[in-house]
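Below, all heavy atoms of this structure are taken into account, side chains as well, without hydrogens, waters or symmetry copies.
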Amino acid sequence: MKPALLEVMRMNRICRMVLVTCLGSFALVIFYFQIIRRNPFGMDICCRKGSRSPLQELYNPTQRFIYSSTQSPEMASQMPVEDHKHGLKLELSSTAILHQIRRDQVTDTCRANSLSSRKRRVLTPNDLKHLVVDEDHELIYCYVPKVACTNWKRVMMVLTGRGKYSDPMEIPANEAHVSSNLKTLNQYSIPEINHRLKNYMKFLFVREPFERLVSAYRNKFTQKYNTSFHKRYGTKIVKRQRKNATQEALHKGDDVKFEEFVAYLIDPYTQKEEPFNEHWQTVFSLCHPCHIHYDLIGKYETLEEDSNYVLQLAGVGSYLKFPTYAKSTRTTDEMTTEFFQNISSEHQTQLYEVYKLDFLMFNYSMPSYLKLE
């Protein structure tokens, strides 16, 4: 069964029970999402000339959805229902339910952790440098390193290139990361920023926090070509965390152990010295989901489905698909479990605290391999 469907099933159980209890005798119940309830901008969603905007399509979908009180939502989503009165075939979208649940999860976590999540109430331009803007399709994408951000940047270059690019995979990875190839929200004036935050569809993609962390470690510290990371961070980590380090290790910094990397992350001095590098910074700190209302939250675990849903809402799904690639080198849950075997329970506990909001906000369970104190 697909992870997305499992998530819907798990989190909709209570909603389903309430609906069945309250509406028992009705065979069909209109389940048209009043998502506007969650949309702080009400009906004030402007359209592009001649077409509906992604934001409007998301919150005021073209199709209405019908829910049968005798079926579960996941069953109904697979079974179109005839609306005899209007002569239309309507269906419940499990995708729409799923993304509403994800938005609610973020809202609830922000509210429950208001002291830690809203320490700084005013965002600065520097806080917006990860938000890529697509003017033509009215999209804002907050990129998170190690969550398919290279491919998403490629897709954004196709969307904003006005015909310059047609195939995302023809764009070299290093070119996708050239800052001048994409425009970010911090480059606009404050009125322009506010207008785009209000009227454009904002989305991001997230990943299980420790799996993302191991992926960052593998890429930045075990690959010989990443000499810039070895010099900037590896030498610092070796000097601070390794007793009796050799002169070669102190000079090169190319053999950092995962245990040393974890010790560096939980060291209180590390973040006092400078913010985390974006590759292991929390999603919470990169994208500010308690200050910015994200309309769609995609997950690495359902990357292809969620990505193509974004492209569908943008009106380009018929000719642009999110790139798929071989999974052989991806960091997996099993691999992550292996890396954590040598991490002490004390350090595991401290590391979980660093990434706790990401776990809670995006509905990731505490890993079973952890041995927390």
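- When the options Tyr355, Tyr217, Phe221 are evaluated for a ring-ring contact (aromatic ring centres under 6.0 Å, His included) with Trp280, the one that passes is Phe221.
- Cys110 places a side-chain heavy atom less than 4.5 Å from the side chain of Met361.
- In this structure, the side chains of Asn151 and Met169 come closer than 4.5 Å at one or more pairs of heavy atoms.
- No side-chain heavy atom of Val133 sits under 4.5 Å from any side-chain heavy atom of Glu192.
- With Lys146 contributing its side chain and Val144 its backbone, the two residues share no donor-acceptor pair below 3.5 Å.
- Side-chain contact check for Thr124 and Asn126: no donor-acceptor pair (N or O, by modelled atom type) lies under 3.5 Å.
- For the pair Lys220 and Tyr233, the cation-pi test (distance below 6.0 Å, angle within 45°) is failed.
- A heavy-atom distance below 4.5 Å is found between the side chains of Glu135 and Arg196.
- Side-chain heavy atoms closer than 4.5 Å link hydrophobic residues (I, L, V, M, F, W, Y) into clusters, and following such links, even through other members, never connects Val178 to Met157.
- Gln348 contributes a side-chain N or O that, together with a main-chain N or O of Ile343, makes up a donor-acceptor pair within less than 3.5 Å.
- Put simply, the side chain of Lys153 reaches to within 4.5 Å of the side chain of His177, judged on heavy atoms.
- With hydrogens and angles disregarded, no donor-acceptor distance shorter than 3.5 Å links the side chain of His130 to the backbone of Asp127.
- Electrostatic pairing of Glu278 and Lys129 does not count as a salt bridge here, judged by no charged N lying under 4.0 Å from a carboxylate O.
- Side chain of Asp333 to main chain of Glu211: no donor-acceptor pair is present (N/O by atom type, distance under 3.5 Å, no hydrogens or angles).
- The side-chain tip of Lys299 points at the ring of Tyr364 from less than 6.0 angstrom away and within 45° of straight on.
- Asn226 places a side-chain N or O within donor-acceptor distance of the main-chain N or O of Asn219, the cut-off being under 3.5 Å.
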Could you tabulate the donor-acceptor pairs under 3.5 Å formed by side-chain atoms of residues 308-318, not counting sequence neighbours?
from   : atom 1 : to     : atom 2 : distance (Å)
Asn308 : OD1    : Phe322 : N      : 2.9
Asn308 : ND2    : Glu304 : O      : 3.2

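- Using modelled atom types, one finds no donor on one side chain facing an acceptor on the other under 3.5 Å when comparing Gln105 with Arg102.
- Between Phe339 and Phe258, the ring-plane angle classifies as perpendicular under the 30° and 60° cut-offs.
- No donor-acceptor pair closer than 3.5 Å links the side chain of Glu353 to the backbone N or O of Thr349.
- Taking the six-membered ring where tryptophan is involved, the planes of Tyr141 and Tyr143 are tilted, since the angle between them lies from 30° to 60°.
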